[in-house]
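Taking it in order: structure first as structure tokens, then the write-up.
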4 protein chains.
Amino acid sequence: MPTVLSVSGSPSAISRTSRLLRHLDARLNSHGHRVIKLDVRTLSAQALLGADFQHPDIVATAELFALADGVIIGTPVYKAAYSGLLKSLLDLLPQDALAGKTVLPLATGGSTAHVLAIDYALRPVLSAMGAAHIVQGRFVLDRQLNLREDGSLDIKPTAAEALHRVLDQFSDALGQAPIAAAS
Amino acid sequence: MPTVLSVSGSPSAISRTSRLLRHLDARLNSHGHRVIKLDVRTLSAQALLGADFQHPDIVATAELFALADGVIIGTPVYKAAYSGLLKSLLDLLPQDALAGKTVLPLATGGSTAHVLAIDYALRPVLSAMGAAHIVQGRFVLDRQLNLREDGSLDIKPTAAEALHRVLDQFSDALGQAPIAAAS
Amino acid sequence: MPTVLSVSGSPSAISRTSRLLRHLDARLNSHGHRVIKLDVRTLSAQALLGADFQHPDIVATAELFALADGVIIGTPVYKAAYSGLLKSLLDLLPQDALAGKTVLPLATGGSTAHVLAIDYALRPVLSAMGAAHIVQGRFVLDRQLNLREDGSLDIKPTAAEALHRVLDQFSDALGQAPIAAAS
Amino acid sequence: MPTVLSVSGSPSAISRTSRLLRHLDARLNSHGHRVIKLDVRTLSAQALLGADFQHPDIVATAELFALADGVIIGTPVYKAAYSGLLKSLLDLLPQDALAGKTVLPLATGGSTAHVLAIDYALRPVLSAMGAAHIVQGRFVLDRQLNLREDGSLDIKPTAAEALHRVLDQFSDALGQAPIAAAS
């Protein structure tokens, strides 16, 4: 059973990015994946920004990356790129923390003008960390994600369909990983 | 037997990029792949730069992309990015010409200062064309590639080793493609 | 009187990018600039794609870049980046062809999803060529540019206003160049 | 007298990036500029990563940006891009925090393979924040910067010369700003 680490890089307490990832967890479970949730904002801010590689939060997180077969990286788009919070964590991981892993990049933002931030800003960083397979990602407009009062998320049908497609491709790619390792 | 389209985007008649791709063909053959060679510089320049989608050269090339399971994209790095020649061809292909395909990006250049051109310039374009899996690419320094007088290529051992590693990863990823399609 | 080289990188015979640049020429003239027009598609395709640095078209174009104080680079966005035609020309110019010059990047495209192509794809290339000052550029949607039957261009007011603003900033920056050179 | 905000985005207590910026301050002073120093790592980590726009540290920093005529942005290169610490601060500034300002991007790193991170990763973010003029930046290799035991910095002559050249261009560009504003 492949293990997926699902990482939200949103600094907001009430975050569309975070809710979106949690929504996708259920579908991953139904595909037979074990999902581990990680909200970067719950880690020690002091450790993240102080280059404290030995802090228990950072050590534990590096272990989560090490044991994951697949990683979902979710981030809001700020200033035409990923969040500083997300990058603060990536900076503290080993250079090859994504080696051999399948990665799904997801981003949320207020305007379609930010769509290319996934391919031009986020992917190069994930590639530099050795990712074996970065599947086609997805940018979701904030207005396609409505936070209901009960805390659940309402996703517009067109966005949901596209998300499920990239998630299924990610899931398929994960299923192949052991075969690749055996060859 | 997977089919690999091996594309050289170098405008030079005597090109390290082109020779490098030809050198890798033999290894791909030994992995059981059928290799089709394409030197973009042999296509009609008038068609490439005149947006002539109906030109026989362009139509035939689009068909080669359509039937390929995997594509190797090789380019020299000029002005911090891929060659204009390569992009001229990509511009004339369908928007989703790489959908469902495995792609290996390779680049050559005179300085390690150009290494990031693969991830920041070339990959976003390949991703925009729908590539299913862009494996880890490789940048090779010109001085690691010596053209012998008999036309053959002498690759420095460290470069050869790295190239064979990414080529084998590409080959493995290609072998998985049919499984993905069946799932 | 500063000289501006206005370069269209569109491969289309009937091009919004090209018409847009021609429209802006009049405003530059009214600012007291001398404008030289260049449609890359009128240069020898064989020279552009064959790395023929000695071809008269390429030699003459390199001279135009050398004498210009400012350069407008206009391109359609294809496959998330500038046109191959434009890059083919840039590849043949000296590495420092934009040194000491003020540059205005403009792009046209069918969707706002391509907006970031200016900053992530085009600017790094212009910067690698030594541009002293790349002013804020502008992305214009195709649907904001209507080609009239008489060949003239009708620009939607909001787009026209934004274009005039970046053009005036470019013009101001050009006016400063001699002062910088004297310091 | 133009005011320059000199920002170090290094998370390390003993940082080459930070020492480098402090070294350049003296030269800026000799050019007649007032220099304000900012080490992002001294700001509240909780505020930076918690999207706390109202925190006194963030409010005060936003004011420093608002009053500066020029901004130097210094960052180490990690994972092929700027530091997460730097981006955490930029994320909390107004979208147009660099509007009308002259910006000098500087980066340090262990390998020339990271050179393009300035143009492909950092500049697009600075451009998205409205920077009027991002002058040619500079990447400095760690081994060109020796921290002496007394805390001072020894810069290799070739690196020092290149740094002084981009600093002087930045200084010249700053001197022009008032003229531009008046036109």
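In the text below, chain A, chain B and the rest are named by the order of the sequence lines, each starting its count at 1. Treat the numbers as computed from the prediction; the structure is a model and nothing was measured.
- Note on A:Ala51, A:Ala45, A:Ser44: by heavy-atom pairs under 4.5 Å with chain D, the leading option is A:Ala45.
- In this structure, the ring of D:Tyr82 has its center no less than 6.0 angstrom from the ring center of D:Phe139.
- Remark: the backbone N or O of D:Ser152 is paired with a side-chain donor or acceptor of D:Asp150 at under 3.5 angstrom.
- Heavy atoms from other residues, nucleotides or ligands lying under 6.0 Å from CD of A:Gln46 number 12 at most.
- We find that D:Asp25 and D:Arg22 are joined by a salt bridge, their nearest charged nitrogen and carboxylate oxygen being less than 4.0 Å apart.
- No other option in D:Leu90, D:Leu43, D:Leu89 has as many heavy-atom pairs under 4.5 Å with chain A as D:Leu90.
- Proximity to chain A (any heavy atom under 4.5 Å) is shown, for D:Ala121, by neither the backbone nor the side chain.
- The choice from D:Leu48, D:Val40, D:Leu85, D:Leu126 that makes the most heavy-atom pairs within less than 4.5 Å of chain A is D:Leu85.
- For chain A, the option among D:Ala128, D:Gly84, D:Ser127 with the highest count of heavy-atom pairs below 4.5 Å is D:Gly84.
- Interatomic distance, A:Leu86 CG to A:Thr75 OG1, rounded to the nearest 0.5 Å: 5.0 Å.
- Looking only at heavy-atom pairs under 4.5 Å with chain D, the residue among A:Ser88, A:Pro124, A:Gly50 that has the most is A:Ser88.
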